[in-house]
Amino acid sequence: MRGARAALLAVALAVALLGLGLTRALTRAVPAEDFALKQAAAEHMRRCMDAVLSYRRELGIPPLPEDARGTGMLGDHFNAVTTTAGAADAKRTTADPNMAALMVGMLTEAGVGPGDRVGAGLSGSFPAMNLALICACEAIGAELIYIASVGASTYGANLPQLTFPDMALRLYADALIGTPPAAFSMGGASDVGLDMDAALSGEVRARLSASGVPFLDIRDFGANLRARMQLYAEGGPIDCFVGVGGSITTNGTGPSAPPHGILRGGTANERSGLLEIYAEAGVPAIHIIDIRKLVADYGMPYDPETPPKIGEGAPYMRTEYSKIPAACALAVDAALLICGHRRGRRVRR
């Protein structure tokens, strides 16, 4: 009796493993439900990147050797408006229109939909991710209120003649994006550019101030955060906050920065930046930092020689599992167990 029961259990286990194996074998990647939306965002970002490259050419600034694909999205290694160290491979990774598709996915995962309001703090460290966010929000139909900073890490938007605020203003003027900055700041130390060359930063400040967009020049950390939150809330509460890069207003002044990705909940303190403040208040927050880990989390390649074409790759796909093998295995196992149970009852009689 025990031998028969063991044999029956062994057969049931084999059937279950076969069902699991067939389920995995028949798993396939299919276009995500929002494929068209993501593709549109990526195409939009590609047009914006092409325009930025043309702006550089007008200024007589060719792409750097480190910009292997000639995207025009990488700045200098170091100059007088560079704030921190950055990695060229991380910047090359982000200089990919598919990042807009990634941002559509992250915003959707955070609960952002048409008509929602997104507040953002955009440093110049990852100008391509800034464009990805703008294009993603416009594709979704979300309202974006963003504050753009001049300061950038190495290989970011640190060209004094073409900072990220300059890019955003030019793209808006050329009707390539529909969302101008709500305000500027210098970024860098204390968010007022204390670590920048005074004469050069003064030239940048004067040029941007002439645009008429408000310039936030608030050295006090708490007052700066309050001014930004008030600006975001002018049209009503925001439904999501996005921080791109590592500015103090986004990350805070604590010993460690918030992790990359989507943040929900947590505890804020007097040293916290807007990411932790909004997350504690129940507002989903997205941190675009640590690009190597970020793209790994979403199945995208890091610093590929040739990125996937628009419409190809992980952001555009979802995994579809076949239910038939598992259902068949479950039915067979159920029948085996029922038969075994009945046989056991007859033997006991």
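A donor-acceptor pair is defined here as one N or O able to donate and one able to accept, closer than 3.5 Å; no such pair exists between the side chain of Asp96 and the backbone of Met99. Within the 3.5 Å criterion, the main-chain N or O of Gly188 finds no donor-acceptor partner in the side chain of Asp195. Arg228 contributes no side-chain N or O that, together with a main-chain N or O of Ile147, makes up a donor-acceptor pair within less than 3.5 Å. Ser54 places a side-chain N or O within 3.5 Å of a backbone atom of Ala51 that can act as its donor or acceptor partner. A donor-acceptor distance shorter than 3.5 angstrom exists from the side chain of His287 to the backbone of Pro259, with no hydrogens or angles considered. In this structure a side-chain-to-backbone donor-acceptor pair under 3.5 Å is missing from Ser149 to Ser123. Between the side chain of Ser209 and the backbone N or O of Arg205 there is at least one donor-acceptor pair closer than 3.5 Å. Between the side chain of Thr250 and the backbone N or O of Ser247, no donor-acceptor pair lies under 3.5 Å. Looking at Thr83, its side chain never comes within 3.5 Å of a backbone N or O of Gly151 through a donor-acceptor pair. Using modelled atom types, no side-chain atom of His44 and backbone atom of Ala139 make a donor-acceptor pair closer than 3.5 Å.
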Test side chain to side chain contact (heavy atoms under 4.5 Å, CB included) applied to Ile277 and Met229, step by step: CA-CA 10 Å; Ile277 291 173; Met229 295 178 75; 3.8 Å; yes
Side chain to side chain contact (heavy atoms under 4.5 Å, CB included) assessment of Leu171 paired with Tyr55: CA-CA 10 Å; Leu171 290 168; Tyr55 302 156; 3.7 Å; yes
Pair Ile286-Leu107, side chain to side chain contact (heavy atoms under 4.5 Å, CB included): steps then yes or no: CA-CA 8 Å; Ile286 300 175; Leu107 289 166; 3.9 Å; yes
Lys91 vs Met73, side chain to side chain contact (heavy atoms under 4.5 Å, CB included): CA-CA, chis, key distance, verdict: CA-CA 8 Å; Lys91 307 304 167 74; Met73 297 306 298; over 6 Å; no
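The CD1 atom of Ile177 sits 11.5 Å away from the SG atom of Cys137 when rounded to the nearest 0.5 Å. Note that the CG atom of Leu231 and the CZ atom of Arg226 stand 15.0 Å from one another [nearest 0.5 Å]. With rounding to the nearest 0.5 angstrom, the NZ atom of Lys38 is 14.0 Å from the CD1 atom of Ile310. Here the straight-line distance linking atom CG of Leu133 with atom CE of Met103 works out to 4.5 Å at 0.5 Å rounding. To the nearest 0.5 angstrom, Thr94 atom OG1 is 9.0 Å from Tyr302 atom OH. Interatomic distance, CG of Leu176 versus CD of Glu138, reported as 10.0 Å (0.5 Å rounding).
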Contacts under 3.5 angstrom, residues 158-165 side chains, donor-acceptor by atom type, not counting sequence neighbours:
residue, atom, partner, partner atom, Å
Asn158, OD1, Asp76, N, 2.7
Asn158, ND2, Asp76, O, 3.0
Asn158, ND2, Thr82, OG1, 3.0
Thr163, OG1, Asp166, N, 3.4
Thr163, OG1, Asp166, OD2, 2.8

Mind listing the side-chain donor-acceptor pairs of residues 111-122 below 3.5 Å, one per line with the distance, residues two or more places apart or on another chain?
residue, atom, partner, partner atom, Å
Asp116, OD2, Gly113, N, 2.8
Arg117, NE, Glu143, OE1, 3.3
Arg117, NH1, Tyr232, O, 2.9
Arg117, NH1, Gly236, O, 2.3
Arg117, NH2, Tyr232, O, 3.2

Pairs of donor and acceptor atoms involving the side chains of residues 263-270, under 3.5 Å and at least two apart or interchain, shall be tabulated with distances.
residue, atom, partner, partner atom, Å
Arg264, NH2, Glu109, O, 2.7
Asn269, OD1, Arg271, N, 2.8
Asn269, OD1, Ser272, N, 3.2
Asn269, OD1, Ser272, OG, 3.4

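Proximity of Glu312 to Met317: side-chain heavy atoms (C-beta onward) are nowhere separated by under 4.5 Å. Side-chain contact between Asn98 and Tyr316: present, with at least one pair of heavy atoms (C-beta onward) separated by less than 4.5 Å. With a 4.5 Å cut-off on side-chain heavy atoms, Cys48 and Cys135 count as touching. Contact of the Ile288 side chain with the Met106 side chain is registered, since non-hydrogen atoms from C-beta on lie closer than 4.5 Å. The closest side-chain heavy-atom distance from Tyr146 to Ile134 is below 4.5 Å. For the pair Leu225/Thr249, a side-chain contact is recorded, criterion being any heavy-atom separation below 4.5 Å from C-beta on.
A salt bridge links Asp89 and Arg292; the closest N-O separation between the charged side-chain nitrogens and carboxylate oxygens is under 4.0 Å. A salt bridge is absent between Asp297 and Lys293: the closest approach of a Lys/Arg side-chain nitrogen to an acidic carboxylate oxygen does not fall below 4.0 angstrom. The pair Arg92-Glu66 does not meet the salt-bridge criterion, since no charged nitrogen lies less than 4.0 angstrom from a carboxylate oxygen.
Residues Met129 and Tyr155 do not share a hydrophobic cluster, clusters being chains of Ile/Leu/Val/Met/Phe/Trp/Tyr side chains in contact below 4.5 Å. Met45 and Tyr172 end up in the same hydrophobic cluster when Ile, Leu, Val, Met, Phe, Trp and Tyr side chains are linked at under 4.5 Å. Note on Phe126 and Leu64: separate hydrophobic clusters, where clusters join Ile, Leu, Val, Met, Phe, Trp and Tyr whose side-chain heavy atoms are under 4.5 Å apart, directly or indirectly.
Counting Ile, Leu, Val, Met, Phe, Trp and Tyr side chains that sit under 4.5 Å apart, directly or through other members, Val192 shares a hydrophobic cluster with Leu194. Taking a 4.5 Å side-chain heavy-atom cut-off between Ile, Leu, Val, Met, Phe, Trp and Tyr, the cluster of Val213 extends to Val81, Val150, Leu169, Phe184, Met186, Met196, Leu200, Val204, Leu208, Phe215.
Ala85 and Ser153 get closest at one heavy-atom pair: O-CB, 3.9 Å. Heavy atoms only, all atoms of each residue included: Arg56 and Pro62 are closest at NH2-O, 2.9 Å.
With sequence neighbours left out, the ring-ring contact (aromatic ring centres under 6.0 Å, His included) criterion links Tyr298 to no other residue.
Considering Asp191, Asp217, Asn224 as possible partners of Ser185, the one that fulfils the side chain to side chain donor-acceptor pair (under 3.5 Å) test is Asp191.
Shown here is Glu58, whose CD atom has more than 12 heavy atoms of other residues, nucleotides or ligands within 6.0 Å.
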